[in-house]
Amino acid sequence: MNPFEPLQAPILATFDGLTEEDLLFGPSPKLELGDVALGTFKAAKKLGMKPPECAQAILAQVTFGSQVLSVQATGPYLNFKLDRGVIAQPVLSVILDEAGEYGSNHSGRDTRMLIEHTSINPNASPHVGRARNAMYGDTLVRLFRFEDYDVDVHYYVNDIGRQIGLLALFVDDIESMTFDGVLQAYVDANQKAEDDPEFAKQGYEMLAKMEEGDPEVAKKFHDLTDLCLKGQTDVLARLGIHYDQFDRESKYLKDPRLDTVVAALEEKGAVFTDEDERLVVDLSKIGHERDEGRFFVLKRANGSSMYGFRDLAYTIDKMEQGADVNLQVLGEDHKLYAEQLNLILKAAGKTSPETIYYAYILLKDGKMSTRQGKVVLLADFLDEAASRAGEKVETQCADLPEAERKAIAEKVAIAAVRFAILKVNPNKNVIFDWESSLSFNGDTGPYVQYSCARINSILRKYDGPVDCAVDSEFPLTQDAEWALVMKLAEFPAVVAAAVENRNVAPIGQYALETARLFTTFYHDCPVLIAETPALIRARIQLCRATLQTQTNALSILGIDALERM
RNA sequence: GCGCCAGUAGCUCAGCUGGAUAGAGCAACGGCCUUCUAAGCCGUAGGUCACAGGUUCGAGUCCUGUCUGGCGCGCCA
């Protein structure tokens, strides 16, 4: 949706050699200057002029249509005053017409994508720190599906490893065990392993039996990790996060494709057995330039494989599933590790997925620590947030049945967490503050939801359905209306940028800005009691278009636009 | 020590890939509910964009160095 088309076309027709990209349209910094501004920097360069000259040249030579009421050159800028209604009409028309698809550029048509995210260790309940991976990954999935990608979501289950070995040894009766029970058992088992070396050794033996394929041990590992996985995915499902496929690490223990990798490494002289009988890759032979992180261990002295060795097989497996785009979401602590894997795969003639990294979530008084109990569990936070939201819903939606009120409170809680995490650029640490995340005021998900609830409230009171046919004489004159329309027109570009940069944070920022502009409009421009029927009709359509755009933006973020709250 | 990421208002964050006088929210102060939901709105105050150089018509944004914080660097996953 390019609302500037009527301004652009006559300029392009007058000056040869200019393209759309040379014309930098945007809102004027102040509405007194104009409704829309054009920066002439790029165009000037192409035309061999200085920007202010270029502005003057456009002013002198171009004849604009009747939509343009006046043009003024201010240094390198041109400021246009427009017939706002005429410009706004097609914007609203497109939004109401495209409805749930408004904002999508459909860039993923006929494109298959495999994305792996979350993949947390089974022995922990998701806390908000780890959940950044899940929320970010899930939001990418939603973004790409919105763009018509055919997305397959994978979760890599670390179902083997020392921690599961200890657990399997410690736990007798899995049948009657709960997720919380397993978590406690893991803590106890670790303590026991620390106190009792013999027990620790037996843990490794369990692991060895698992690798050898002992059916009884395998079943125990499987049942334990299943229980854990269910506990974890239940919490994540509460946030609307779902997966298409769970890939068990144990499946990749003896993958024949690893032989070809090792053979390729041998051929390049990049693999050797060290003095402790470990099988080690020397990455300096295959492109790693520094000393740090030069060595990568594939197998222990006893022949059991390391996590990274199995991950090589898993990565190869993912890449061979025929997706056009492969993505994985990893914490920034995995940066070097992923680079090491990539080098090995490249040396073996294999490709690697594109990785999206995110920085850690910190607490106000430092980093999270499971050991010190300095964690915010996702489930705990959601419970507390839902309870606080519930108090408000109780007074504001007293007429609704209790079940419905509870559902609303839960959705507010989800919006609070998801938004708090997603609005921050992924390469920045998030400082998670319990209190401000529970306030629901200001820059929050609930604030955005609230603006939607207000729109819904107006639409409910408006008698009759909203007409999608937008009048050509669209009577919008107020600044608040204009600012809102311009913001709505931006949405497809915001989505396109998010796709290109694999960054969803700007969508959160966009929803926030739109909500703020709507609220200003809400206060400045009465809808249901506007002066004329035509104005009521127009503002209702603007409300409907805003709600549609926000619904689409929020759905990418995994947040529900609420009818009432 | 080496590598990657970051440093913007007291606090938490934006800043459209180099463009007009750097923007929000929280906290503070002052206003606004018999008028579409006050989870709200309007206003005031708050800045040497970590620091020092450089690149050019123009730098919060690009380059170099320094400082501070996060993460990582051979049998954890």
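So that the names make sense, note that chain A is the first sequence line, chain B the second, and so on, each numbered from 1. The basis for the numbers below is simple: all heavy atoms, side chains too, and nothing from hydrogens, waters or symmetry mates. None of these values were measured; they are calculated from a predicted model.
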With heavy atoms under 4.0 Å as the rule, sort A:Val424 into base, sugar-phosphate or nothing. sugar-phosphate
Syn/anti state for B:U17 [syn: chi within 90° of 0]: syn
Distance check: side-chain N/O of A:Lys428 vs OP1/OP2 of B:C13, anything under 4.0 Å? no
By the 4.0 Å heavy-atom rule, please label A:Gln509 as base, sugar-phosphate, or nothing. sugar-phosphate
For B:C41, take OP1 and OP2 only and decide whether either is under 4.0 Å from a side-chain N or O of A:Tyr447. yes
Check this one for me: any side-chain N or O of A:Tyr450 less than 4.0 Å away from OP1 or OP2 of B:A39? yes
Pairwise P distance, B:G18 and B:C73 [rounded to whole Å]: 34 Å
B:G70: syn or anti, with syn meaning chi within 90° of zero? anti
Phosphate OP1/OP2 of B:C71 contacted by A:Lys367 side-chain N/O (<4.0 Å): yes
Which part of the nucleic acid does A:Val494 contact within heavy-atom distance under 4.0 Å: base, sugar-phosphate only, or nothing? nothing
Just one of A:His334, A:Lys335, A:Glu116, A:Gln328 clears the side-chain hydrogen bond (donor to acceptor under 3.5 Å, both in side chains) bar with A:Thr355, so which one? A:Gln328
Just to be sure I understand the rule, does A:Tyr337 reach a base, reach only the sugar-phosphate, or reach nothing, if contact means heavy atoms closer than 4.0 Å? base
Which part of the nucleic acid, if any, lies within reach of A:Arg162 when heavy atoms closer than 4.0 Å are counted: base, sugar-phosphate only, or nothing? sugar-phosphate
Reckon A:Leu279 touches a base, only the sugar-phosphate, or nothing at all at heavy-atom distances under 4.0 Å? nothing
Mind checking A:Tyr204 for me? I need base, sugar-phosphate or nothing, with any heavy atom below 4.0 Å counting as a touch. sugar-phosphate
Are A:Glu354 and A:Arg502 close enough for a salt bridge, meaning some N to O gap below 4.0 Å? yes
Could you work out the separation of B:G58 and B:C5 based on their P atoms and round it to a whole Å? 28 Å
Name the nucleic acid region contacted by A:Tyr462, choosing base, sugar-phosphate or nothing; use a 4.0 angstrom heavy-atom cut-off, strictly under. nothing
Within the 4.0 Å heavy-atom criterion, would you say A:Ala505 contacts the bases, only the backbone, or no part of the nucleic acid? nothing
Just confirming the chi classification of B:C33, syn or anti, using 90° around 0 as the syn window. syn
Does a side-chain N or O of A:Asn429 approach OP1 or OP2 of B:A6 to a distance below 4.0 Å, or not? no
Under 3.5 Å for both donor-acceptor distances, Watson-Crick or wobble: does B:C26 have a partner, and if so which one? B:G10
Euclidean distance, atom OH of residue A:Tyr358 to atom C1' of B:C4 [Å, nearest integer]: 16 Å
Is A:Arg454 positioned over the aromatic face of A:Tyr522, cation under 6.0 angstrom from the ring centre and no more than 45 degrees off axis? yes
Taking the nucleotide of RNA chain B with the nearest heavy atom to each, does A:Asn441 or A:Glu490 sit closer to the 5' end? A:Glu490
On a whole-Å scale, what distance lies between the C1' atoms belonging to B:G3 and B:C13? 28 Å
Mind calculating the distance between CZ (A:Arg454) and P (B:U35) to the nearest angstrom? 13 Å
Watson-Crick or G-U wobble partner of B:G60, both distances under 3.5 Å: none
Write down the distance between CG (A:Asp443) and P (B:A27), rounded to a whole number of angstrom. 12 Å
Both A:Lys30 and A:Tyr360 contact RNA chain B. Which one's nearest nucleotide lies toward the 5' end? A:Lys30
For a quick check of understanding: with a heavy-atom distance under 4.0 Å over all strands, which category does A:Ser436 fall into, base, sugar-phosphate or nothing? nothing
Measure the distance from CZ on A:Phe432 to P on B:C26 and round it to the nearest whole Å. 18 Å
If you check the A:Gln396 side chain, which of B:C36, B:A39, B:G25 turns out closest? B:A39
Could you work out which one of B:C41, B:U37, B:G3 sits closest to the side chain of A:Ala453? B:U37
Watson-Crick or G-U wobble partner of B:A50, both distances under 3.5 Å: B:U66
Whole angstrom is fine here: how far is it from CD1 in A:Ile431 over to P in B:C26? 19 Å
Sidechain N-carboxylate O distance under 4.0 Å for A:Asp226, A:Arg248: yes
Hey, is A:Phe295 stacking on B:G74? Ring centres under 5.5 Å, planes under 30°. yes
At 4.0 Å (heavy atoms only), tell me whether A:Ala359 reaches a base, stays on the sugar-phosphate, or touches nothing. nothing
Could you tell me the separation between the CG atom of A:Leu207 and the P atom of B:A77, rounded to a whole number of Å? 7 Å
Sugar-phosphate only, base, or nothing, as touched by A:Gln449 at under 4.0 Å among non-hydrogen atoms: nothing
Hey, does the side-chain of A:Asn123 have a donor or acceptor N/O within less than 3.5 Å of a partner on the base of B:A77? no
Rounded to whole Å, how long is the line connecting atom NZ of A:Lys364 with atom P of B:C26? 14 Å
Taking the C1' atom in each of B:A9 and B:A45, what is the distance between them to the nearest angstrom? 11 Å
Using only side-chain N and O atoms of A:Asn501, determine if any of them is under 4.0 Å from OP1 or OP2 of B:C16. no
What orientation do A:Tyr155 and A:Phe246 show, parallel under 30°, tilted 30 to 60°, or perpendicular over 60°? tilted
Report the nucleotide, chosen from B:C73, B:C41, B:A77, that has the shortest atom-to-atom distance to any side-chain atom of A:Glu292. B:C73
Can a side-chain donor-acceptor contact be found between A:Glu249 and A:Asn158 if the only test is distance below 3.5 angstrom? yes
Salt bridge present between A:Arg516 and A:Asp443 (N-O < 4.0 angstrom): yes
Measure the acute angle between the ring planes of A:Tyr510 and A:Phe491, then classify it against the limits of 30° and 60° as parallel, tilted or perpendicular. parallel
Output the rounded distance in Å from NZ (A:Lys335) to C1' (B:C4). 5 Å
Considering Watson-Crick and G-U wobble pairs with both distances under 3.5 Å, what does B:G40 pair with? B:C32
Counting Watson-Crick and G-U wobble pairs only, both distances under 3.5 Å, name the nucleotide matched with B:C16, or none. none
Pairing of A:Glu481 and A:Arg539 as salt bridge, 4.0 angstrom limit: yes
Students often get this wrong, so: under 4.0 angstrom with heavy atoms, is A:Thr520 touching a base, only sugar-phosphate, or nothing? sugar-phosphate
As a test of reading the structure: which of B:C36, B:C41, B:A20 is closest to the side chain of A:Thr74, going by heavy atoms? B:A20
Once you apply a heavy-atom cut-off of 4.0 Å, does A:Asp311 come out as touching a base, just sugar-phosphate, or nothing? nothing
